[in-house]
Amino acid sequence: MTIADEPTINLALADSRAPQAEKPYPAGSPNVVVIVLDDLGFAQLGCYGSDLDTPNIDRLACEGLRFTNFHTTAVCSPTRACLLTGRNHHRVGMGMLPDLPTNYPGYTGQFPASAGTIAQVLREQGYSTTAIGKWHLTPRDQRATGPFHMWPTGVGFERYYGFLNGETNQWTPNLIRDQQHVEPPRTPDEGYHLDADLADEAIAQLRQLRVHNPERPFLLWYATGSPHAPHQAPPEWIGRYRGRFDDGWDEWRERTFARQRELGIVPADAELSERPPWVEAWDGIEPERQRLYSRMMEVFAGFLTHTDHHIGRVLDEIERAGQRDNTIVILVSDNGSSAEGGPNGSWNQLRHYISDDPDDLDAELAHHDDLGGFRSSGHYPWGWALAGNTPFRRWKRYTFEGGVRDPLIVCWPGGLTDGGGIRHQYCHAIDVMPTVLDLLGLEAPGELAGVAQLSLDGVTIRDALGDPGAPHPRTSQYYECWGSRAIYADGWKAVTNHVNQLTAAERDAIVGSHAFDDDQWELFDTTTDFTESHDLAAERPDKLAELIGLWDRAAVDNDVLPIDDSRDNRLAQMHLPWLHFQSTYELEPGDKVHESHSPVLLGGFRMVAWFAEPLDAGASGVVCEQGDWVAGWAWFLGDGQLTWILATDGDEHRITAPVPAGARALSIAAAPRATGGFDLTLGADDSVLAENVLDRAIPGAIAPDGAFLTVGYGRPFPVCDDYLPPAVAPRSLIGVRIDVGRPPPLDFEAELERVLRHQ
């Protein structure tokens, strides 16, 4: 029987003929893997001059090409938007982190339908599309139950496994599978770590695809949460670096710079940028602090090497499947290394996000042995951040080269020659998508799903991949990150001296402008001044004026305005249409509430738990909990006691009392005091069990990664050592009511009757 070119339709199928269906995907087309590292500096990979061990990424560099003039946006979400869409970040609504969206076109935290992603384009071509790891492109108010149009599955990825926030605890991450919040498959005590889990998932999905559809090409977006803080790794990986950084960041910069020149990563005549005065000279730091700072760098190094190991596992799986030669691998960092640990680093980096309190060095020293482990959420000092961006100035959040110049490796054994080569052409994150399409022989579609598409801002760098002497594919690019502004054009670069206002340490220490009207532009000839060491603004005012004019036009064309340099103004104008603020929560055992939607306790609260049967004197378990021992609160039963505890920055504040046998209702209330703090009252039925004073504020945010409130059980790390998760509550627990603010008087008998009536 032959298949007709034209359909023949008769009454019976046996008498009808249809044309042969075309294959839904291009068999033999190259696969694409995009690996996005987080907060990795220009100088932190072995193949870019570091002495940190990154053998698997170095292998990619040996087989592929390293770019020394690749640029990002200086912060994570905007760079990811550029990589995925091929368009400038403000132009697609991602001018800032989606944690703080505002209702201005450049800052909504949402891609317009006219900005299709590489995943959407390749899915239309029949590619399998999978995203693994960090996403950080979903507005804060859409991370719990949607809408899902800015989740990975809403922008072209068929499968997703990872976390939506900007960071997460590597031991107890807040995970998503496709469109569902899930718990990690193992506990930390069972050896769980996120980097291993992400690699396991990527390998499993690649294996599943090969078993069922071996000819179908794939796009794998593999975005680690590392080496972004919290810096956490198994102790054996940290231990291999013991003593390696005792010479400090000044010596490390010098040695790394020398290796970079030997490798050809930087020009032979390049200058190492000066250490700014607000970064301490290592030799002037007392030995006790030196030991602390060295340990923090050991943790980071072990973390990065551990990450490299698991990236290697994914690459090995591709090779085992016989796909190595036919797979384009692109590895980038999303911005320069991070100084958000402040001048001293911290075992608890959350402090620097939510408080302007000065560092307590005694507390930091006391947590030396916790660094990298279960009880820390650590970050290194900004001296190591500066070193990580050797030889450049500054770090993440600034548009000096230390913030925007990052590693880019392109490896395609079957399609590119000159393995191990180095390329110095200027390019940007927006150029990645057009390059991938060009290598695949595809053009950017003018329309996707019936929607006309925005033009691409990026250009292909294919010529540079093939020819080290090819012209620069890009000759100009604007920059704006949290108020830091820059413009590049034909080798010239202008940068403002604006100081980012996120942390008190930078506001107080960094020399520069704190108001946009006072900003001074610096001018550099990057063809002769690799590290922005010689300001030519006074000598070439004509060129400076020309570049400032270019920035002004780019700002208008790309919806950059209005700009901001802090967190406070964005908080005041946050646009969260999907977030419903509640004053009362009625919760049941098993409920899990995302932090962005959970009760805000900082204005006072009352919690009441109801039980279907009278409590035994020995009742135990978590009534409700949020956060962990680094920062969090918990209400629990154990050893005949009822306890409510607040853990903040390593300190515990608690109220506890014996549980009267036969109680049916338990309560905890925090009433604001006129002088600050709260009056705490612990109760059972209509009796007061204990009273205490909480002499500090309750944080408005528990954790940077969005700590879940759980009811009737605890997550893998407890808030204190009094209970062992999951510490399931008594089976008789009916539910918990939480009122925030100043709750009205409560009639226990009436409430108990109401609760029981609905069981």
Self-check item: Nearest non-hydrogen partners of T172 and P716, listed with the distance
Solution: CG2-CB, 3.5 Å

Quiz item: Can a donor-acceptor pair be found between the side chains of Q349 and E167 at a distance below 3.5 Å?
Solution: yes

Exercise. Over all heavy atoms of both residues, which pair between N335 and D39 is shortest? Give the atoms and the distance, please.
Key: ND2-OD1, 2.9 Å

Quiz item: Taking NZ, NE, NH1 and NH2 as the nitrogens, is one of them in D38 or K396 under 4.0 Å from a carboxylate oxygen of the other?
Solution: no

Exercise. Would you mind checking if R715 and E183 are paired as a salt bridge, meaning a charged N to carboxylate O distance below 4.0 Å?
Key: yes

Quiz prompt | Q573 and Y104 side chains, donor-acceptor separation under 3.5 Å | solution = yes

Quiz item: Where do L448 and E124 come nearest, in terms of heavy atoms and distance?
Solution: CD2-CG, 3.7 Å

Self-check item: Distance, nearest 0.5 Å, that separates CG of N500 from CD of E506
Solution: 6.0 Å

Quiz item: Is the centre of the F605 ring less than 6.0 Å from the centre of the W633 ring?
Solution: no

Quiz item: Do you know the tightest heavy-atom contact between A663 and A684?
Solution: CB-CB, 4.1 Å

Quiz item: Does the S226 side chain pair with the main chain of H228, one donor and one acceptor, at a distance under 3.5 Å?
Solution: no

Practice problem: Could you walk me through whether H89 and I430 pass side chain to side chain contact (heavy atoms under 4.5 Å, CB included), step by step? | Solution: CA-CA 9 Å; H89 51 303; I430 55 177; over 6 Å; no

Quiz item: With a 3.5 Å cut-off and no angle check, do the side chains of D178 and T153 form a donor-acceptor pair?
Solution: no

Quiz item: Do other residues, nucleotides or ligands put more than 12 heavy atoms under 6.0 Å from E447 CD?
Solution: yes

Quiz item: Is the backbone N or O of V593 less than 3.5 Å from a side-chain atom of S598, with the two atoms forming a donor-acceptor pair by type?
Solution: no

Quiz item: Is D651 salt-bridged to R696, going by a charged N under 4.0 Å from an acidic O?
Solution: no

Self-check item: T79 and T73 side chains, donor-acceptor separation under 3.5 Å
Solution: yes

Quiz item: Cation over ring, R570 on Y107, under 6.0 Å and within 45°?
Solution: yes

Quiz item: Among side-chain atoms of N569 and D564, is any donor-acceptor pair under 3.5 angstrom?
Solution: yes

Practice problem: Heavy atoms only: give me the nearest Q582-V740 pair and the separation to one decimal. | Solution: O-CG2, 3.7 Å

Self-check item: Minimum heavy-atom distance Q142-Q110, with the two atoms named
Solution: NE2-OE1, 3.3 Å

Practice problem: Answer whether the closest heavy-atom distance between the side chains of C624 and T710 falls below 4.5 Å. | Solution: no

Exercise. Spell out, as yes or no, whether a donor-acceptor pair under 3.5 Å connects the side chain of E480 to the backbone of G483.
Key: yes

Quiz item: Can a donor-acceptor pair be found between the side chains of R397 and S484 at a distance below 3.5 Å?
Solution: no

Can you give the donor-acceptor pairs under 3.5 Å from side chains of residues 670-681 to other protein atoms, not counting sequence neighbours?
residue : atom : partner : partner atom : Å
R673    : NH1  : D679    : OD1          : 2.6

Quiz item: Is D99 paired with R143 through a side-chain N to carboxylate O contact shorter than 4.0 Å?
Solution: yes

Quiz item: Between H181 and H594, what is the ring plane arrangement, given parallel below 30°, perpendicular above 60°, and tilted in between?
Solution: tilted

Quiz item: Going by atom types only, do E340 and H379 share a side-chain donor-acceptor pair under 3.5 Å?
Solution: no

Quiz item: Near R186 CZ, under 6.0 Å, is it more than 12 heavy atoms from other residues, nucleotides or ligands?
Solution: yes

Practice problem: For the residue pair Y585 and D739, confirm or rule out a side-chain donor-acceptor distance under 3.5 Å. | Solution: no

Quiz prompt | Sole residue of Y192, F717, W629 in ring-ring contact (aromatic ring centres under 6.0 Å, His included) with F374 | solution = F717

Quiz item: Is the H193 ring parallel, tilted or perpendicular to the W171 ring (thresholds 30°, 60°)?
Solution: perpendicular

Quiz item: With a 3.5 Å cut-off and no angle check, do the side chains of N165 and N174 form a donor-acceptor pair?
Solution: no

Quiz item: Would you call D559-R91 a salt bridge at under 4.0 Å N-O?
Solution: no

Exercise. Could you tell me whether Y398 and H498 have their ring centroids closer than 6.0 angstrom?
Key: no

Quiz item: Do S77 and H136 pass the side chain to side chain donor-acceptor pair (under 3.5 Å) test, and can you show the C-alpha distance, the side-chain angles, and the key distance before you say yes or no?
Solution: CA-CA 6 Å; S77 305; H136 207 196; 3.1 Å; yes

Quiz item: So is R80 actually on top of W135's ring, under 6.0 Å and inside 45° of the axis?
Solution: no

Self-check item: Salt-bridge contact E201-R177 (side-chain N to carboxylate O under 4.0 Å)
Solution: yes

